[in-house]
Participant: 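Got a structure for you, questions after.
Remember, it's 1-based here, ligands and their atoms both numbered in the order they're listed. Please read all numbers here as calculations on a predicted model, not as lab measurements.
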Amino acid sequence: MAKDFFIPLQGALNLKTMKLYIVANRLPVKVQEDAGGNFSFERSEGGLATGLSSLDSEMETHWVGWPGIFVEDPGQREAITAELEKLNFHPVFLNEAQIQNYYEGYSNNTIWPLCHYFYSYIVYDADYWAAYKEVNELFCTEVTARINPGDIAWVHDYQLMLLPRMIREKVQDLSIGYFHHIPFPSYELFRVLPERAELLQGLLGADLIAFHTHGYMRHFISTIERVMGLGVMLDRFLHGNRFVYVDVLPMGINYDLYNQAILKPSVQEKALAFRKNYGEHKLILSVDRLDYSKGILHRLKGFARFLEQHPEYREKVSLVMIVVPSRDNVEMYAKLKRHIDELIGSINGMFSTINWTPVFYFYHSLPFEELVALYHIADVALVSPLRDGMNLVAKEYVAAKRDNSGVLILSEMAGASAELSAAIIINPNDINQISDSLLTALEMPVEDQLAKLRRMQILVSRHTVHRWAEDFMDKLRHIRHVNIENHKKRLMGQTAERLRRFYNKSKKRLFILDYDGTLSAFFQLPEDARPTEAILNTLKLLSSDERNKVIISSGRDHETLDRWLGHLPLDMAAEHGVFFKEDGVWSKNEDNRKVWDAEILKILQTFIDKTPGSRLEIKETALVWHYRNVDAWLAGLREQQLLNLLIEPCARQKLQIMRGNKILEIKSPIFTKGTAAKRFLKKDKYDFVLAMGDDTTDEDTFRALPKTAHTIRIGSVSEVARYYLYKQNEVLPFLEFLLDKSGTKKL
Ligand code: GDG
């Protein structure tokens with residue numbers, strides 16, 4: 001069993017003493033060495049750093065990351081570390097080979113193209129993977145050297161996907177969050193990765209895994225279900241003793257910074273100067289890092305198509321294209337850069353006039369003030385990535401407009417399009433649509449522009465990066481609380497000891513035990529779940545104590561139960577309480593209604609035919625559609641379709657449709673495991689009642705019992721049960737523990 005199955009969660013958060021560790025590939029600092037070998041340090045305030053700087057000031061915040069400089073000399077490393085520690089920054093020094101293989105390699109040549117749907121660009125290389133693991137370990141060493149129980153680690157992005165689990169295995173009782181800044185691709189794509197399971201295991205070390213959009217969240221959940229075989233309950237799944245939550249938390253920007261920038265005289269000056277330089281031309285602006293995911297070539301082609309199709313706009317509109325240099329020492333990027341240069345050359349060559357340049361191209365980054373001045377004056381922002389996790393430029397443009405008019409054209413493939421629906425949304429692969437959208441934008445009446453901008457400004461101003469960071473931390477706190485509460489319910493250690501003490505003290509005890517998924521594991525075929533020697537022995541031992549009354553309460557048919565367990569001194573309830581066995585005699589609760597008609601049976605037969613792996617069980621009093629062996633997605637679809645079709649005929653027959661553990665059962669509503677439990681309870685006076693079950697049908701049992709009963713849900717935490725056991729294979733050991741006369745057995 002993995003270590004993190006037994007992490008004690010100790011208590012609520014104490015903001016005064018706890019610390020937050022933000023772990024990201026890069027520290028928000030620029031370290032430079034001058035000719036004399038001296039180092040200078042300049043803080044770089046990216047979106048992440050500003051967002052997190054505003055977090056609860058009571059909480060001490062630390063950063064762990066690569067300082068962005070190669071330093072081998074131990075003395076120099078020490079000097080840099082000492083300087084950075086003053087800022088609560090903790091450097092992870094990497095050498096060139098590590099950056100080559102971990103960062104450029106596995107992160108940017110394997111995961112990046114995979115997550116951006118550039119399947120054919122994915123490079124598989126054993127050295128990349130080895131370095132990725134090695135560097136994640138280095139980050140882990142740095143974090144765990146200082147983090148303490150009760151602290152929070154917030155891990156960022158695809159370079160560090162193994163880290164949450166690594167940290168959790170080393171330090172117990174932490175809250176760990178992970179934010180994925182880039183898209184999470186469909187399972188069909190993610191599954192191609194040889195290391196898919198390791199990466200997911202790595203992420204599962206976190207308590208919260210968050211994405212920019214519900215699309216990415218959906219892909220992640222389906223990948224977790226399919227690759228890891230975990231059952232997801234809407235937005236969470238039980239992993240060891242913790243619930244891991246998945247959520248959508250779209251990142252925002254520092255709204256005021258962009259919105260108020262134009263109030264600064266220095267920015268106004270820049271804006272005026274730009275306006276003067278570009279004359280009366282309308283300006284279309286694009287800003288990206290050099291990357292194939294940004295759709296730069298498509299965008300240029302779209303602009304050229306626009307000039308071809310709308311000659312009336314020649315000499316009236318220019319595209320200002322800022323491309324921030326990135327990785328152009330890598331051949332694929334150098335090639336992209338050459339293509340961009342050539343295409344811009346050819347567009348300008350073809351359309352330029354003495355008075356007009358169609359494309360102004362900057363292959364360098366601009367100072368912040370120039371960037372916001374451009375945002376402010378640009379008539380159109382053309383943000384057309386082929387894939388982009390979020391794209392903050394779109395939000396910055398909207399914010400920087402203030403009262404100015406302007407139109408945002410936004411790719412539907414950018415995460416930002418999920419929020420900025422008032423933009424002109426385009427498919428960035430469609431060159432004609434880019435051209436058409438430019439016309440729409442340039443001809444949009446000013447009042448429409450302002451109205452749309454206003455709508456987007458309201459949204460962007462509310463969902464700021466500060467709020468994003470706060471929401472993330474709030475959610476983490478909530479999860480911690482939930483996990484602490486659930487942990488108290490886990491039947492192990494002292495909780496189990498206490499229960500054993502109650503057991504030993506009591507004189508008259510009632511046990512109500514479910515069979516499938518509780519005493520027995522699940523099998524592909526229900527008939528394979530016949531009792532093992534271990535089950536039989538435990539039941540014998542349990543019922544051999546004359547103070548114990550043991551009842552098996554199952555949804556199974558009574559013939560099977562009797563065949564399997566009839567020779568033991570047990571009472572039973574079968575088919576959810578329709579049949580019951582007391583003192584060795586079976587009886588049936590009479591219910592004269594018809595259990596099903598031809599229509600219901602026909603619907604079920606049709607669904608069996610079209611759902612590979614599903615099967616129909618016909619009991620004397622119920623029909624059961626089993627879907628344990630059906631693909632998770634198909635099962636969900638068919639279950640919903642079946643429910644929709646069955647509602648009417650079942651209502652007519654006054655039948656209940658009951659959702660169980662991978663089953664849908666059609667039965668009389670009168671008898672349940674709850675009615676069976678009440679019946680058995682009434683027969684005597686018990687001072688110890690214990691019930692175990694894995695399923696929603698067992699919750700009927702739990703509800704029917706007095707509050708003092710020891711109700712135990714198997715495989716999941718339940719609001720109705722007082723305790724839970726993590727897995728079915730803990731059931732027999734628990735019963736043996738309870739029966740252990742020596743009292744030395746531990747759980
Ligand atoms: C990841 C995801 C997701 C750009 N050029 C200049 C400049 N910038 C600034 C922009 C903006 C940032 O760089 C780029 O924003 P992105 O949204 O593209 O973010 P990335 O960090 O590249 O990437 C992305 C993001 O994480 C956040 O989760 O949105 O999808 O790929 O802030 O303003 N800044 C200055 N001069 C420039 O020339 N000063």
Participant: At less than 4.0 angstrom from any non-hydrogen atom of K294, what atoms of ligand 1 do you find?
Facilitator: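 Contacts of ligand 1 toward K294, numbered from 1: 18 (O).
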Participant: Give the atom numbers and elements of ligand 1 that come within less than 4.0 Å of a heavy atom of S365.
Facilitator: 37 (C), 38 (O)
Participant: Given L374, L366, D388, which one has a non-hydrogen atom that is nearest to atom 35 (C) of ligand 1?
Facilitator: L366
Participant: What I want to know is whether N391 and ligand 1 share at least one N or O pair that is separated by under 3.5 angstrom.
Facilitator: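 Min N/O separation from ligand 1 is below 3.5 Å for N391.
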Participant: Main chain of S107, side chain of Q159: is a donor-acceptor contact present, judged purely on distance under 3.5 Å?
Facilitator: no
Participant: Indicate whether any N or O donor in one side chain lies under 3.5 Å from an N or O acceptor in the other, for Y21 and N88.
Facilitator: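 Side-chain D/A pair, Y21 to N88: absent.
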Participant: In terms of atom number and element, which parts of ligand 1 are under 4.0 angstrom from non-hydrogen atoms of G389?
Facilitator: 30 (O)
Participant: Could you check whether E419 pairs with K395 (Lys NZ or Arg NE/NH1/NH2 to Asp/Glu carboxylate O, under 4.0 Å)?
Facilitator: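 Looking at E419 and K395, the cut-off is met.
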Participant: Give the atoms of ligand 1, by number and element, whose distance to some non-hydrogen atom of L392 is under 4.0 Å.
Facilitator: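 So the atoms of ligand 1 that pass are 15 (O), 16 (P), 17 (O), 27 (C), 29 (O).
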Participant: Can you list the atoms of ligand 1 that are under 4.0 Å from a heavy atom of V324?
Facilitator: 5 (N), 6 (C), 38 (O)
Participant: Backbone, side chain, both or neither: what part of M251 comes under 4.0 angstrom of ligand 1, heavy atoms only?
Facilitator: side chain
Participant: Going by the order shown, which atoms of ligand 1 are within less than 4.0 Å of some heavy atom of Y375?
Facilitator: 33 (O)
Participant: Knowing that exactly one of F211, Y158, W468 qualifies, which makes a ring-ring contact (aromatic ring centres under 6.0 Å, His included) with F179?
Facilitator: W468
Participant: So, is the end of the R327 side chain (NZ or CZ) under 6.0 Å from the ring centre of W112 and within 45° of the ring's axis?
Facilitator: no
Participant: In terms of side-chain geometry, is the basic nitrogen of D341 or R338 positioned less than 4.0 Å from the acidic oxygen of its partner?
Facilitator: no
Participant: Any N or O of E396 that comes nearer than 3.5 Å to an N or O of ligand 1?
Facilitator: yes
Participant: Looking only at heavy atoms of E370, does any of them come nearer than 4.0 Å to an atom of ligand 1?
Facilitator: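 It does not; every heavy atom stays at 4.0 Å or beyond.
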Participant: Assess whether a salt bridge exists between D157 and R26, defined as any Lys/Arg side-chain N lying under 4.0 Å from an Asp/Glu carboxylate O.
Facilitator: no
Participant: Suppose I only count heavy atoms of F368 and a 4.0 Å limit; which atoms of ligand 1 are within that range?
Facilitator: 39 (N)
Participant: Counting from 1, what ligand 1 atoms have a heavy atom of V287 closer than 4.0 Å?
Facilitator: 4 (C), 5 (N)
Participant: Do any N/O atoms on I182 end up under 3.5 angstrom from N/O atoms on ligand 1?
Facilitator: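 I182 vs ligand 1: no N/O contact under 3.5 Å.
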Participant: Could you grab the distance from atom CD of E369 to atom CD1 of I262, nearest 0.5 Å is fine?
Facilitator: 10.0 Å
Participant: Under the side-chain hydrogen bond (donor to acceptor under 3.5 Å, both in side chains) test against E195, which residue among Y124, Y128, Y106 passes?
Facilitator: Y106
